[in-house]
Amino acid sequence: MSEIDISTEEYRTYTYAPFGTYTIRNPVKLFVMPSDGTEDGSHRVIDADGVTHRPAKGWVGLSWKAKPDAPAFVA
C-alpha cells in the first residue's frame with residue numbers, strides 16, 4: 001500500500017456515469033492498494049476530520065482543487 005500526502009487539496013470529486021458525483025472535502029491522505037492481479041487496485045482517502053472514504057469503483061473522472069499557493073497536483 002502506498003501513502004500519499006494530499007493535504008494540498010481543498011477537495012476531490014469523483015464523477016460517475018451517466019450522472020452523479022462524490023466529493024471529499026479537505027482530503028489529507030491517499031492510500032493506494034496494490035492490484036492483486038484479478039482486479040485493479042483500489043484506494044482510500046482520509047479527510048481532515050479523520051473519516052476514511054473508499055470511493056466506489058466505476059468512476060469515469062476525478063477532479064480536485066488545490067489550496068491557494070499549493071501545487072496543482074502532488075502525484
Side-chain angles (χ1 to χ4, degrees):
M1 164 175 27
S2 300
E3 179 180 336
I4 302 168
D5 180 347
I6 57 171
S7 60
T8 58
E9 297 178 9
E10 284 188 27
Y11 64 82
R12 58 177 33 221
T13 298
Y14 296 81
T15 301
Y16 296 88
F19 53 83
T21 60
Y22 181 73
T23 298
I24 301 170
R25 303 258 174 225
N26 299 308
V28 294
K29 291 191 188 243
L30 169 66
F31 292 90
V32 180
M33 312 308 196
S35 172
D36 66 3
T38 61
E39 63 177 285
D40 293 332
S42 64
H43 67 280
R44 312 290 188 272
V45 177
I46 299 176
D47 68 24
D49 293 323
V51 177
T52 301
H53 304 261
R54 182 188 178 279
K57 292 186 180 197
W59 46 274
V60 296
L62 170 61
S63 57
W64 59 89
K65 181 178 180 185
K67 292 179 179 175
D69 300 320
F73 57 90
V74 295

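The analysis underlying the following values was restricted to heavy atoms, covering all of them including side chains, and did not include hydrogens, waters or symmetry mates.
- For the atom pair CD1 of I6 and OH of Y11, the computed distance is 13.5 Å after rounding to the nearest 0.5 Å.
- Rounded to the nearest 0.5 angstrom, I46 CD1 and I24 CD1 are separated by 10.5 Å.
- The number of heavy atoms from other shown groups lying within 6.0 Å of NZ (K67) is above 12.
- With contacts defined as side-chain heavy-atom distances shorter than 4.5 Å, the pair V74/I4 qualifies.
- Linking Ile, Leu, Val, Met, Phe, Trp and Tyr whenever their side-chain heavy atoms come within less than 4.5 Å leaves V60 and W64 in two separate clusters.
- Residues forming a salt bridge (charged side-chain N to carboxylate O under 4.0 Å, His left out) with K29 (at least two apart in sequence, or on another chain): E3.
- Rounded to the nearest 0.5 Å, atoms CZ (R54) and OG (S42) are 4.5 Å apart.
- Across all non-hydrogen atoms, the minimal contact from A66 to A72 is CB-CA, 4.2 Å.
- Distance alone, capped at 3.5 Å, places no donor-acceptor pair between the D49 side chain and the V51 backbone.
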Identify every side-chain donor-acceptor pair in residues 13-21 under 3.5 Å, counting partners at least two apart or on other chains, and give the distances.
{"from": "T13", "atom 1": "OG1", "to": "T23", "atom 2": "OG1", "distance (Å)": "2.9"}
{"from": "Y14", "atom 1": "OH", "to": "R12", "atom 2": "NH1", "distance (Å)": "3.0"}
{"from": "Y14", "atom 1": "OH", "to": "H43", "atom 2": "NE2", "distance (Å)": "2.7"}
{"from": "Y16", "atom 1": "OH", "to": "A56", "atom 2": "N", "distance (Å)": "3.2"}
{"from": "Y16", "atom 1": "OH", "to": "A56", "atom 2": "O", "distance (Å)": "2.9"}

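- P27 and V45 get closest at one heavy-atom pair: CB-CG1, 3.7 Å.
- Separation of atoms CZ (R25) and CD (E10) is listed at 8.5 Å; rounding is to 0.5 Å.
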